[in-house]
Amino acid sequence: MSTVYVGMSGGVDSALAAALLVEQGHDVRGIYMRNWTQDLPGFRCPWADDLADAERVAVTLGIDLDVWDCEQEYRATVADYLVDAYAHGRTPNPDVMCNQTIKFGTFAQRAFAEGADLVATGHYARVEHGRSGVPARLLRAVDEHKDQTYFMWRVSGEMYNRAVFPIGGYANKSAVRAACAERGLGIEDKPDSDGICFIGPVGLRSFLLDTLERRPGDIVEWETGTVLGRHEGAFLFTVGQRRGLDLGGGPARYVVSTDTETNVVYVSADRDCPGLWTRELLLEDARWVAGEAPAAGRYLVRTRHTGPLREASVRPDEGALVRVTFPEPVRTVAPGQSAVVYDGLECMGGGIVAR
RNA sequence: UGGAGCAUCGUCCAGUGGUUAGGACUGCGGUUUUUGGUGCCGCCAACCUAGGUUCGAAUCCUAGUGCUCCAG
């Protein structure tokens, strides 16, 4: 029996995680991380409802639930990070940062400081704890479709040594919901969370338009340099994007690249436009679960959540950069997104696509 | 100013006497997804104006208006 602090979001996954830990006989304490409470125009932040859901589950399980204020850290490391990246023409992945700095940052550190042996979350992932100081290995969930290790690559194996993911072994989401229903947790019908949590249904486009200064510029055909239209800011677009260009009349066009310096958005009607394909990536800000880079060699690499695992050569490059080379070109990899490296089932770590 | 041509969803086109006026793109919504994007599904939306011919007009005729091209 261990003392386990479980992050409870008010959702289905973390509720079942807490329930399973209680059943395993641990001394379980629930923590609701209050990351964001601010409403946006047209969107009421549902944090209080989520907290109420988490509290209901905690009562059912007979455990304590506390609220920890993480708003400062969340704003600085997730929300501001997101805005800054978009302002610089990159396409950030806020959830990756949230896992690093909030769930396995602020939350975990405070839990350990208060005497927790382990922290737990409702992530779809598995850990293999290392013995005697060896970092844990992070493994993909049994449900390959729900696997969330793509968002977890920046966290260290030392941290994962003290983390457990009780639902990582579940076959699929409906099994998780069914397990919640069996236990009478009362939230089995709550919809999955979706989209950037603090932006909600408002949508990224209008959030960015409200947050960043508009900067009208040209939409240019990648092949010919012909000006096809105007945009409200190159920061609104990401590689491969189709919607939002407002170019009627011709064929569908896709964003090939954006240039925040010249404020130009390059587009092509050719889905197989050479500019949309990448054979080689340079990663920056690499992190490795084991604490050090794996030996150069062939691994599996994923450049988007729910994207295929592709074989690729991964090797250190100048400085702290990492070079990833695919035998076959990959379509629409956006700078700012994560490239996550796997060896079989194991998530080794990764980096942020520089170019 | 003469000669010719064209005016149909927001855009680009299809439709030459009887169509629920069709498609593509855009936009909007949904779905997929604990990021962005993609994909998939669905929805909105139009016959330049005024007369006429006809049982019936986007379609034929006349005039007007607008645009394009060739002349000069």
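Not measured: the values here are computed from a predicted model. Naming convention: chains lettered A, B, ... in sequence-line order (proteins, then strands); numbering from 1 in each chain.
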- Most 5' of A:Thr238 and A:Phe151 on RNA chain B, judged by nearest nucleotide: A:Phe151
- Query: How long is the line joining CZ of A:Phe237 and P of B:G37, in whole Å?
  - Reply: 11 Å
- Task: Considering only atom P, compute the distance from B:G30 to B:C48 and round it to an integer number of Å.
- Result: 35 Å
- Message: Using a 6.0 Å distance limit plus a 45 degree cone around the ring axis, check whether A:Arg304 lies over the aromatic ring of A:Tyr150.
- Response: no
- Query: With sugar-phosphate meaning primed atoms plus P, OP1 and OP2, does A:Ala252 contact a base, only sugar-phosphate, or nothing at under 4.0 Å between heavy atoms?
  - Reply: sugar-phosphate
- Any strand, both distances under 3.5 Å, Watson-Crick or G-U wobble: B:A58 pairs with none
- Query: How is A:Tyr86 classified with respect to the nucleic acid when contacts are heavy atoms under 4.0 Å: base, sugar-phosphate, or nothing?
  - Reply: sugar-phosphate
- Does the side chain of A:Lys146 get closer than 4.0 angstrom to OP1 or OP2 of B:U33 through an N or O atom? no
- Message: So that I know where these two stand, are A:Phe104 and A:Tyr160 an aromatic pair - ring centroids less than 6.0 Å apart?
- Response: yes
- Using the C1' atom as the reference point in each nucleotide, state the distance between B:U33 and B:C43 in Å, no decimals. 23 Å
- Does A:Met159 offer a backbone N or O that forms a donor-acceptor pair with the side chain of A:Ser156 under 3.5 Å? yes
- Item | Span that lies between the P atom of B:G39 and that of B:U65, in whole angstrom | 47 Å
- Message: Using whole Å, what does the distance between atom P of nucleotide B:U34 and atom NZ of A:Lys103 come to?
- Response: 12 Å
- Kindly write out the residues that satisfy side chain to side chain donor-acceptor pair (under 3.5 Å) with A:Arg29, not counting sequence neighbours, or none if the list is empty. A:Tyr5, A:Asp66, A:Glu114
- Test item: A:Leu51 and A:Leu65 side chains (from C-beta on) under 4.5 Å apart, heavy atoms: yes
- Could you tell me the separation between the CG atom of A:Leu204 and the C1' atom of B:U33, rounded to a whole number of Å? 15 Å
- For B:G64, which nucleotide in any strand shown is its Watson-Crick or wobble partner with both distances under 3.5 Å? B:C48
- Paired nucleotide for B:G22 [Watson-Crick or G-U wobble; both distances under 3.5 Å]: B:C13
- Linking I/L/V/M/F/W/Y whenever any side-chain heavy atoms sit under 4.5 Å apart, do A:Ile352 and A:Val322 land together? no
- Message: Using a 4.0 Å heavy-atom cut-off, does A:Leu82 contact any base of the nucleic acid, only the sugar-phosphate backbone, or nothing at all?
- Response: nothing
- Query: Would A:Arg215 count as a cation-pi partner of A:Phe235, with NZ or CZ less than 6.0 Å from the six-membered ring centre and within 45° of the ring normal?
  - Reply: no
- Grab the CZ-P distance between A:Phe207 and B:G37 for me, whole Å please. 14 Å
- Take atom CG of A:Asp192 and atom P of B:U31, then tell me their distance rounded to the nearest Å. 11 Å
- Spacing of the P atoms in B:U8 and B:G27 (rounded, Å): 22 Å
- Message: Would you measure the distance from the C1' atom in B:C60 across to the matching atom in B:C67 and give it in whole Å?
- Response: 23 Å
- Looking only at atom P, what distance separates B:A63 and B:U26, rounded to whole Å? 42 Å
- Query: Would you say A:Ser338's side chain and A:Val340's backbone share a donor-acceptor pair under 3.5 angstrom?
  - Reply: no
- Query: Can you check the A:Phe235 CZ to B:G37 P distance for me, whole Å?
  - Reply: 14 Å
- Is the closest basic N to carboxylate O distance between A:Asp49 and A:Arg44 below 4.0 Å? yes
- Query: What does nucleotides 38-43 of chain B look like as a protein-contact string, B for base, S for sugar-phosphate only, - for none, at under 4.0 angstrom between heavy atoms?
  - Reply: SS----
- Assigned partner base of B:U34, Watson-Crick or wobble definition, under 3.5 Å: none
- Check whether any side-chain nitrogen or oxygen of A:His305 sits under 4.0 Å from OP1 or OP2 of B:U34, and answer yes or no. yes
- Message: Students often get this wrong, so: under 4.0 angstrom with heavy atoms, is A:Gly336 touching a base, only sugar-phosphate, or nothing?
- Response: nothing
- Rounded C1' spacing from B:G15 to B:U34 in Å: 48 Å
- Which base sits across from B:G2 as a Watson-Crick or G-U pair, both distances under 3.5 Å? B:C70
- Task: Tell me which of A:Arg205 and A:Tyr150 sits closer to the 5' end of RNA chain B, going by the nucleotide each one is nearest to.
- Result: A:Arg205
- Separation between the C1' atoms of B:U31 and B:U38, rounded to whole Å: 13 Å
- Message: In this structure, how many angstroms lie between the P atom of B:G36 and the CZ atom of A:Phe198, rounded?
- Response: 11 Å
- Task: Figure out the CZ/P separation between A:Arg302 and B:U33, and round it to whole Å.
- Result: 14 Å
- Message: Base, sugar-phosphate or nothing for A:Gly195? Non-hydrogen atoms, less than 4.0 Å.
- Response: sugar-phosphate
